[in-house]
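Proteins get letters first, then strands, A, B, ... in listed order; numbering begins at 1 in each. Computed from a predicted structure; not experimentally measured. Excluded from the calculations below are hydrogen atoms, water molecules and symmetry mates; all remaining heavy atoms, backbone and side chain alike, are included.
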There are 2 protein chains.
Amino acid sequence: MASTDPLKRALKKEGLRYTQQRQSVWDELCATDDHRDAEEIYLAIRQSELHVSRATVYRTIDVLVKNKMVRKLDLGDGRARYEHKMNATHHDHLICIQCGKIEEFVDEVIESRQDEIVKNFGYKLVRHIHQLFIICDECKTP
Amino acid sequence: MASTDPLKRALKKEGLRYTQQRQSVWDELCATDDHRDAEEIYLAIRQSELHVSRATVYRTIDVLVKNKMVRKLDLGDGRARYEHKMNATHHDHLICIQCGKIEEFVDEVIESRQDEIVKNFGYKLVRHIHQLFIICDECKTP
DNA sequence: TATATTCTGAGACTCATTCTCAATAAGAAA
DNA sequence: TTTCTTATTGAGAATGAGTCTCAGAATATA
């Protein structure tokens, strides 16, 4: 069971009610460090005895993303992936275009160059997407 | 009129026929340096006397993207944008989350750090997406 | 407990993109 | 050229992720 407090805190902050369904979506997201799509979360919850609808999964994820408890990833293949942000530091992703494997990377040099670039334009950086599409070890044909 | 040779060359390479429709899509893409979506390209061609269907616009863009004559951009809002790559050097994008304005940036430091990161993982970099979502001058409320 | 309000689920809906397939056009051969 | 083969096209149907609707269920407040 994932820590329920941040959930209850976020719901209270948004003026929303605490429900079993919302708890189950949050629990399921925290159950792994994977990058799963909404359908996978939905099916995983359905495996348990609890009934949840797709609509509720999407609605709950929205609340979690809005409250920065979950990050939404757009890998460019038409369906969003989600990762919980419990104990996680900022990172970006390497994605294997063959097998879909996702790894994480952090680079302080890149982070500060980004700030620099935006500052030179005179703008304000809100967020960024930085994805390196690669072919991983296992997918390299020898 | 855009240079027709790269088009004919690409079509020949793919074993495809040269048609008025394909020419018109390529011409329209080369007509501006904007980042337009398929519907905008489609409507722009329709403005002229030539008849093209949406399906043909999408199909032709696919060929052009495959042959690196056009770059497909995913700004995360559910519809792809396209930019021609005639005389263009590599660049990434700054996107205003308020007005949608798109600017381009290049940073050699970031480019080489990317290669470094991928090399350290022992992978092979195929392509990357690097987008800085910002609030531009005009959208900053004073 | 009664009442008001929010949540939920099922399925309808949206919208970009892809697919289907009969009619048309391009290009090779004659 | 004309014929013949094969690719291309357009109209609209299909797809699929995600959103919306609304009546019934659950929760909170009086």
request  = Look at the side-chain N and O atoms of Arg22(B) and state whether any lies under 4.0 Å from the OP1 or OP2 oxygen of dT8(D).
outcome  = yes

inquiry  = So that I can tick it off, tell me whether Arg81(B) and Glu40(B) are bridged by a salt bridge, with the cut-off set at under 4.0 angstrom between side-chain N and carboxylate O.
reply    = no

key: Whole-Å distance separating the CD1 atom of Ile41(B) from the C1' atom of dA16(C)   = 15 Å

inquiry  = Can you tell me if Ser53(B) touches the phosphate of dA11(D), counting only side-chain N or O atoms and a distance under 4.0 Å to OP1 or OP2?
reply    = no

Distance, rounded to the nearest Å, where Arg54(B) contributes CZ and dT8(D) contributes C1' = 19 Å

What nitrogen or oxygen pairs link the protein and nucleotides 24-27 of chain C at under 3.5 Å?
from	atom 1	to	atom 2	distance (Å)
dA26(C)	N3	Arg17(B)	NH1	3.0

note = CD of Gln20(A) to CG of Asp27(A), rounded to nearest 0.5 Å, is 9.0 Å

request  = Quickly work out the Tyr42(A) OH to dT8(C) C1' distance and round it to whole Å.
outcome  = 13 Å

task = Scan Arg81(B) against the nucleic acid and name what it touches under 4.0 Å (heavy atoms): base, sugar-phosphate only, or nothing.
result = nothing

key: Distance (rounded to the nearest 0.5 Å) between Thr32(B) OG1 and Ile41(B) CD1   = 6.5 Å

ask   = Starting at CZ of Arg36(B) and ending at C1' of dA16(C), how long is that distance when rounded to a whole Å?
value = 18 Å

query = Between atom NE2 in His51(A) and atom P in dA10(C), what is the gap in whole Å?
reply = 4 Å

Whole-Å gap separating C1' (dC20(D)) and CG (Asp62(A)) = 13 Å

inquiry  = Between dG10(D) and Arg59(B), counting only base atoms on the nucleotide and side-chain atoms on the residue, is there a donor-acceptor pair under 3.5 Å?
reply    = yes

task = Taking only the side-chain heavy atoms of Val52(A) (C-beta and beyond), determine which of dG9(C), dA17(D), dT17(C) contains the nearest atom.
result = dG9(C)

query = Going by atom types only, do Gln114(A) and His128(A) share a side-chain donor-acceptor pair under 3.5 Å?
reply = yes

request  = Supply the atom-to-atom distance Arg36(B) CZ to Leu73(B) CG, rounded to the nearest 0.5 angstrom.
outcome  = 13.0 Å

remark   = Exactly one candidate in His90(A), Lys68(A), Met69(A) meets side chain to side chain contact (heavy atoms under 4.5 Å, CB included) with Lys85(A); the answer is Lys68(A)

query = Out of Gln23(A), Lys12(A), Lys8(A), which residue meets the side-chain hydrogen bond (donor to acceptor under 3.5 Å, both in side chains) rule with Tyr18(A)?
reply = Gln23(A)

query = Any Lys/Arg nitrogen of Arg79(B) or Glu39(B) sitting under 4.0 Å from an Asp/Glu carboxylate oxygen of the other?
reply = no

task = Check whether any side-chain nitrogen or oxygen of Tyr58(B) sits under 4.0 Å from OP1 or OP2 of dT18(C), and answer yes or no.
result = no

ask   = Going hydrophobic residue to hydrophobic residue with side-chain gaps under 4.5 angstrom, can you get from Leu29(A) over to Val65(A)?
value = yes

task = Can you figure out which of dA10(C), dG10(D), dG18(D) approaches the side chain of Ala38(A) most closely?
result = dG18(D)

key: Carboxylate-amine/guanidinium contact Lys72(B) Glu83(B), below 4.0 Å   = no

query = To the nearest Å, how far apart are Ile61(A) CD1 and dC7(C) C1'?
reply = 17 Å

Between protein and nucleotides 11-13 of chain C, what N or O pairs are separated by less than 3.5 Å?
none

note = Taken to the nearest whole Å, CG/Leu11(A) to P/dT27(D) is 13 Å

